[in-house]
Visitor: 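So that we are looking at the same thing, I have put the structure below in C-alpha cells.
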Amino acid sequence: MSSVNTMRGLLVAGAVFAAVVAAFFQLWTVVAVMSVGVAAHAGLSVHLHRTGATGASPPPPPPPTGAAP
C-alpha cells in the first residue's frame, strides 16, 4: 500500500506543479480544473483518514471451534 500512496503523492504534486505553471501562463481554466482535482483528492484523503478506511481487505474469519461431526 505504501507504493500506491507514494504514486498518489507524486501525481498530486504533479497536479499542483501543473496548476502553478498554468497560472504563470494565465491559463485559468487549467488552474481551476487542477485545483478542483487537488481539493477533491485532499478531501477524500481526509475522509479516508478519519473513517479509518485504508483500502485493506478485511481480516479472515476466525477458524471454526469444536470438532467436526
Side-chain angles (χ1 to χ4, degrees):
M1 193 67 178
S2 175
S3 61
V4 172
N5 286 333
T6 301
M7 180 57 74
R8 286 173 55 200
L10 288 172
L11 290 172
V12 170
V16 169
F17 180 72
V20 169
V21 170
F24 179 76
F25 289 109
Q26 298 179 355
L27 300 170
W28 304 117
T29 304
V30 176
V31 172
V33 169
M34 291 294 182
S35 299
V36 167
V38 169
H41 175 77
L44 181 60
S45 294
V46 168
H47 171 71
L48 290 176
H49 181 70
R50 285 184 180 168
T51 60
T54 60
S57 59
T65 58

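In this chain, numbering begins with 1 at the start of the sequence shown. Owing to the predicted nature of the structure, the values given are computational and were not obtained by experimental measurement.
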Visitor: Can you list everything that forms a side-chain contact (heavy atoms from CB on, under 4.5 Å) with F25? Sequence neighbours excluded, please.
Guide: V21, L27
Visitor: If you group Ile, Leu, Val, Met, Phe, Trp and Tyr whenever their side-chain heavy atoms sit less than 4.5 Å apart, what else falls in with W28?
Guide: V31
Visitor: Test question: given the 4.5 Å side-chain rule for I, L, V, M, F, W and Y, name all other residues clustered with L11, or answer none.
Guide: M7
Visitor: Going only through I, L, V, M, F, W and Y residues with side-chain contacts under 4.5 Å, is there a path from F24 to M34?
Guide: yes
Visitor: Taking only residues two or more places apart in sequence, or in another chain, which ones meet A13 in a side-chain contact (heavy atoms from CB on, under 4.5 Å)?
Guide: none
Visitor: Mind running side-chain contact (heavy atoms from CB on, under 4.5 Å) on N5 and R8 for me, showing each step along the way?
Guide: CA-CA 5 Å; N5 286 333; R8 286 173 55 200; 3.2 Å; yes
Visitor: Apart from V36 itself, which Ile, Leu, Val, Met, Phe, Trp or Tyr residues share its cluster (side-chain heavy atoms under 4.5 Å, direct or through members)?
Guide: none
Visitor: For residues S45 and H49, determine if any side-chain heavy atom of one lies less than 4.5 Å from a side-chain heavy atom of the other.
Guide: no
